[in-house]
2 protein chains.
Amino acid sequence: MAGHGARGRSGRRPTLEEVAARAGVGRGTVSRVINGSPRVSDATRAAVEAAVAELGYVPNTAARALAANRTDAIALVVPEPETRFFAEPYFSDMLRGVGAELAETEMQLLLIFAGSDRERRRLAQYLAAHRVDGVLLVSVHAGDPLPDLLAQLEIPAVISGPRSEDETLPSVDSDNHGGGRSAVEHLIARGRTRIVTITGRLDVYGAQRRAEGYRAALRDAGREVDEALIAPGDFTEEGGHRAMTHLLAHCPDLDAVFAESDVMAAGARQALREAGRRIPDDVALVGYDDSVIARHMDPPLTSVRQPIEGMGRAMIDLLLHEIADDRPAASRALDRRQVVLPTELVVRDSS
Amino acid sequence: MAGHGARGRSGRRPTLEEVAARAGVGRGTVSRVINGSPRVSDATRAAVEAAVAELGYVPNTAARALAANRTDAIALVVPEPETRFFAEPYFSDMLRGVGAELAETEMQLLLIFAGSDRERRRLAQYLAAHRVDGVLLVSVHAGDPLPDLLAQLEIPAVISGPRSEDETLPSVDSDNHGGGRSAVEHLIARGRTRIVTITGRLDVYGAQRRAEGYRAALRDAGREVDEALIAPGDFTEEGGHRAMTHLLAHCPDLDAVFAESDVMAAGARQALREAGRRIPDDVALVGYDDSVIARHMDPPLTSVRQPIEGMGRAMIDLLLHEIADDRPAASRALDRRQVVLPTELVVRDSS
DNA sequence: AGGTACTGTGGGAGCGCTCCCATGGATGAT
DNA sequence: ATCATCCATGGGAGCGCTCCCACAGTACCT
């Protein structure tokens, strides 16, 4: 596989210059062939390719990076401790999409965790050294200084889940609004009349959008939106339990719950059990994320699925464009690239 | 944090040369300071450090890599599909150890999956380009050509789990022999008399060692080793079930089972259940790996734990030495570095 | 006083590539 | 036949660093 021709134990790797000599052409021409420039005659190209094969030539990445001022590497930055990274299937799905899309290219993917302060300092140093051509940002919390740092260093970046309506970074997101709407439309179609919702942390933009989707679905069905039926959660199981308990107290005749994350749905389910409500007979329950717990819940939970792998692919797509785009950053900011991917409602027994 | 002094929107990063000019010294001196050479006077060092801070200087990695012929990066190569990587806590633990040990250094860790043929070709290309200073190999199967490729390219590497008694690569392993022995000694201490074992795939060196540990423990207790009590498994749940069924048929009076992996223990447990044997009353059961399933089994499984995080640390240790060691590979091969870490028996209700 | 040894320092050379300008031959228009 | 154009091609310059040799200065011996 590797180790053609004369090389092997020599230890020295052939250089462009040597390939050029062997092929009887100049250095520039070999470079053009290696980089797939069209400005090379077929005969010359063939000769160079033969020389490359004979010598087992492999370009020196460091030299290329130095001369061309690019690294051919991009980083997937995860501002979470590694533990969460492994625990949540979200990241693994995302990684699969990113990896698949990147396989087409010569780009190398780096996985960087920035959960602790120490790791974040390291990351800052790393970015300052421009060791990557671009950055993929996942699960960034509001107020995180990372996006600004990237902008200041003028490093192309794409964020998953815009931080607000007017996110300045190119972003990829699933259709939270549509997802929330589809959950509620489903409940309406099932004949439910008193539909409540448990929202996520409203400083997360996506959570707001889900809640707005809830409202939109009700309005479109000609129903009135009762703000008392909307309880804020915080994406945790306890939060879901608390919100559900609150809702049951203030609105005992509810017959459907849209929990805006599966984890909160698990908390809500517990609270409903404690209140003696049966699922789905007395109360229908719909979650969001279609995570593992959705499938394993009793009864299995209807949930809104996001196309996470597709989001990963889309992020790479955007980022590669961003990197290729060598216009000054100022004008680039004009065409805000925001990709929104559709969600899918996965109906199970809970509704 | 980043973006001191004049830099920021300029786009151009300061170079060594500029730092030198600013500090009123030569290029070489700045390089010495940056690289922590002791051959610099305190006054000069201070001046250079000030200039570095003022200019916000960050070394250019590509230039350094080119000039010094090193990359300051090492790769953790996982010859498995990503799915398994995320599924098995083994990798996550390993990664934690590796990351912790590496945090002390300037080294950058790359995670490379080589599950598919395509990925393997990519990896070969990657290694041929010498894009890393060293490689960490985990869960390598017998017959894998990767170790040879690394040897041929003269890339320092460390393997977790030697492939045989005379592994040529530096390796880190847990004490499989001692682990197997401790499991059986425990069963003996508990008063069990007819102890059987289900081995792993015997083409895996570690599996052989565990089985030998079983034999050693029996011999040391003055008991005779009956080869009929040893059934080969294959590390799968079905294999464990099959082996257990076989053992029950041929040795109905067995009162203890040492399954050489937790997964096989799960299979064995099922077979014991089907045969109406109670655990631990009729039959004691011990597994190996102390994986998640051990804790969650009914009854919770006694199991042999390997210090995986520690193994990760040890691998980095070995590898960094290997990299620092610039003696020719031939003489280096003489001092085979093999680290073996002790295991720990975690006793639960199954024994 | 001269010699030796060491220490801190400056700067040339060179790592292997890309970028770009210059060159020369082929092609087509006049 | 003449000139402008258009390739394909060669090779100089330079990317930012490390390595190493040379040199001045100081210290300590004869």
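Here is the naming used below: chain letters follow the sequence lines, and residue numbers restart at 1 for every chain.
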Inset, instruction - Go through Leu66(B) and Asn60(A) one step at a time and tell me if the side-chain contact (heavy atoms from CB on, under 4.5 Å) criterion holds. - result: CA-CA 8 Å; Leu66(B) 177 59; Asn60(A) 180 318; 4.3 Å; yes
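Defined by atom type and a distance below 3.5 Å, a donor-acceptor pair is missing between the side-chain atoms of Glu82(B) and Ser92(A).
Annotation for Glu106(B): atom CD does not count as buried by contact number, only 12 or fewer foreign heavy atoms lying within 6.0 Å. The number of heavy-atom neighbours closer than 6.0 Å to CG of Asn69(A), taken from other residues, nucleotides and ligands shown, is 12 or below.
Shown here are the ring-ring contact (aromatic ring centres under 6.0 Å, His included) partners of Phe91(A), two or more places apart in sequence or in another chain: Phe85(A).
A 4.5 Å side-chain heavy-atom check between Thr29(B) and Thr44(B) finds at least one atom pair inside the cut-off.
Spacing between atom CG of Leu66(A) and atom C1' of dG14(C) amounts to 12 Å, rounded to whole angstrom units. One interatomic measurement links the two molecules: CD of Glu18(B) to P of dG11(C), which rounds to 16 Å at whole-angstrom precision. Rounded to whole Å, atom P of dG16(D) lies 9 Å from atom CZ of Arg13(B).
Dashed line: the shortest gap from a side-chain N or O of Ser41(B) to OP1 or OP2 of dT9(C) is under 4.0 Å. Considering only side-chain N and O atoms, Thr29(B) lies under 4.0 angstrom from the phosphate OP1 or OP2 of dG10(C).
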Inset, instruction - Heavy atoms under 4.0 Å is the rule here; annotate nucleotides 17-22 of chain D 5' to 3' with B where the base is hit, S where only the sugar-phosphate is, and - elsewhere. - result: BB-B--
